[in-house]
A.B. asks: 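One structure, pasted below without further comment.
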Amino acid sequence: MPHPTSAGRRLHRPVLDWYAAHQRDLPWRLPQRSPWGVLVSEVMLQQTPVARVLPVWERWMSLWPSPSDLAAATPGDAVREWGRLGYPRRALRLHAAAAAIRDAHGGAVPGDEATLRTLPGVGDYTAAAVAAFAFGARATVVDTNVRRVHARAVTGDALPAPALTRAEVDLATALLPDDDTDAATWNVAVMELGALVCTARAPRCAECPVAHLCRWRLAGSPTYDGPPRRGQRWEGTDRQCRGRMVQLLRDSPGPVSGAQLRAVWEDEAQRDRCLDALVADGLVEPLEGDRFRLPG
DNA sequence: TAAGCGTGGCT
DNA sequence: TAGCCAAGCTT
């Protein structure tokens, strides 16, 4: 069997050509977009579909076209504009990142992965993505789409394991084209292929440019046989409780009373625990006289 | 390392 | 229908 890397190199041209023909024209990919716009998009896209991000990104960028603009707003403003994207702590962290960019980086989004990685809410994936997409850097970008494409096309598995492994990162690094410009395009092209064609359920193999090379297909498209994925419960969870309280605050122009806040959840112990946690997280600010608001 | 953290669309 | 899933990060 050939080394995975040499097999992988045969994927380059078909995937790059497919991307040239089928890429979506997303606003954070336009030539005139700023590194800040890319960073905002990457944070918003963490666990959130493109369609839901689009309108929020547009408004966010019109309100706060630079990191310093966001840093000048309150954290509560950021949480309110975040709307229903979910995981509102991301809005808080993006606000904190903007302040760090203003205070420690002269107001300009840093271009190297290591510095990006120090920003709140920026992990390995987001640091690599911003370096690659905003600055054209040679970076190993591994998100859930990339993992799935590699798992199928190269490794021959239906789906990647629940958690990212070192082997996957090493494979992704080995698969990067030698040419820097091709490498930059490759990163976004593999992600796009995973998002549009090599999807988690019902992959569109008939439209795939590398179906003839895909080890998973060549093995007869076996079903996933890895460790079970832990499904997230929702009904009755702290997350649902927290979501209701933040939604009430978000939809209220000013502070709300403790009575209003408590009315969104029956279970008293759970409600109190969640409210305490929201305050500890900085998503809710307690005021005098049993009143609460988004952080000011 | 695994669990916690929102929200809504899709099958 | 009820899971499953979506450009992850933090602790």
Side-chain angles (χ1 to χ4, degrees), chain A residues 23-24 26-29 37-57 79 82-94 96-97 116-134 139-149 158-166 168-169 172 187-196 198-204 223-224 227-251 264 270 273-274 277-278 280-284:
Chain A
Q23 62 174 290
R24 293 168 290 182
L26 302 170
W28 45 84
R29 287 182 184 163
V38 174
L39 174 59
V40 171
S41 77
E42 289 302 335
V43 175
M44 287 184 174
L45 287 163
Q46 292 167 2
Q47 302 284 282
T48 307
V50 166
R52 213 178 309 163
V53 166
L54 280 168
V56 181
W57 184 89
V79 171
W82 198 254
R84 304 186 67 82
L85 288 184
Y87 295 145
R89 291 189 295 189
R90 291 184 292 166
L92 242 33
R93 290 176 182 145
L94 191 50
L116 283 161
R117 189 65 178 76
T118 69
L119 298 174
V122 176
D124 289 340
Y125 162 75
T126 302
V130 172
F133 303 154
T140 300
V141 181
V142 185
D143 78 326
T144 187
N145 292 301
V146 171
R147 295 184 65 210
R148 191 172 52 251
V149 171
L159 292 171
L164 178 67
T165 65
R166 177 60 190 271
E168 289 180 83
V169 177
N187 276 322
V188 67
V190 175
M191 282 180 60
E192 192 79 334
L193 187 65
L196 298 182
C198 194
T199 52
R201 285 174 295 185
R204 300 163 173 83
T223 55
Y224 177 74
R229 298 144 172 283
R230 310 197 71 77
Q232 311 166 342
R233 297 279 178 299
W234 175 247
E235 203 60 34
T237 61
D238 284 7
R239 288 153 83 157
Q240 185 182 29
C241 178
R242 289 166 56 107
R244 283 192 190 171
M245 291 198 277
V246 173
Q247 180 180 1
L248 174 65
L249 262 355
R250 224 172 31 219
D251 296 343
V264 305
Q270 186 177 21
R273 178 176 74 243
C274 288
L278 286 170
D281 287 348
L283 279 164
V284 174

A.B. asks: Does a distance-only test, which skips hydrogens and angles, find a donor-acceptor pair under 3.5 Å between the side chain of A:Arg239 and the base of B:dG6?
C.D. replies: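 Under the 3.5 Å cut-off, the side chain and the base do form a donor-acceptor pair.
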A.B. asks: Could you identify which residues of residues 187-195 of chain A place a heavy atom less than 4.0 Å from some atom of DNA chain C, listed by residue number, or say none?
C.D. replies: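 Result for residues 187-195 of chain A: A:Met191, A:Ala195, sorted by number.
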A.B. asks: Counting heavy atoms not belonging to A:Arg166, are there more than 12 under 6.0 Å from its CZ?
C.D. replies: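 Not buried by this count: 12 neighbours or fewer within 6.0 Å.
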A.B. asks: What is the nucleic acid contact for A:Ala200, judged by heavy atoms within less than 4.0 Å: base, sugar-phosphate only, or nothing?
C.D. replies: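 The residue A:Ala200 makes sugar-phosphate contact but no base contact.
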A.B. asks: Between which nucleotides of DNA chain C, read 5' to 3', does contact with chain A run, using atoms under 4.0 Å from its heavy atoms?
C.D. replies: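 Extent of the interface on DNA chain C: C:dG3 to C:dT10.
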A.B. asks: Only counting residues at least two apart or in another chain, list the ones meeting side chain to side chain contact (heavy atoms under 4.5 Å, CB included) with A:Gln232.
C.D. replies: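 Here the qualifying residues are A:Tyr87, A:Arg239.
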A.B. asks: Where the side chain of A:Arg90 meets the backbone of A:Gln46, is there a donor-acceptor pair that is under 3.5 Å apart?
C.D. replies: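 Pair found, side chain donor or acceptor close to backbone of A:Gln46.
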A.B. asks: If you pin A:Thr126 and A:Arg52 to their nearest nucleotides in DNA chain C, which one's is more 5'?
C.D. replies: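 Whichever sits nearer the 5' end wins; that is A:Arg52.
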A.B. asks: Looking for any heavy atom pair under 4.0 Å, which part of the strands does A:Asp281 touch: base, sugar-phosphate only, or nothing?
C.D. replies: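 The answer is nothing, as A:Asp281 stays clear of every strand by at least 4.0 Å.
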A.B. asks: Heavy atoms only, 4.0 Å cut-off, all strands: where does A:Arg233 land among base, sugar-phosphate and nothing?
C.D. replies: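 Answer is nothing: A:Arg233 stays at 4.0 Å or more from every strand.
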A.B. asks: Categorize A:Thr237 for me: base, sugar-phosphate, or nothing, with a 4.0 angstrom heavy-atom threshold over every strand shown.
C.D. replies: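 Result for A:Thr237 = nothing.
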A.B. asks: With heavy atoms under 4.0 Å as the rule, sort A:Arg250 into base, sugar-phosphate or nothing.
C.D. replies: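 Here A:Arg250 touches the backbone only, sparing every base.
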A.B. asks: Reckon A:Pro88 touches a base, only the sugar-phosphate, or nothing at all at heavy-atom distances under 4.0 Å?
C.D. replies: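 A:Pro88: backbone/sugar contact only, no base atoms under 4.0 Å.
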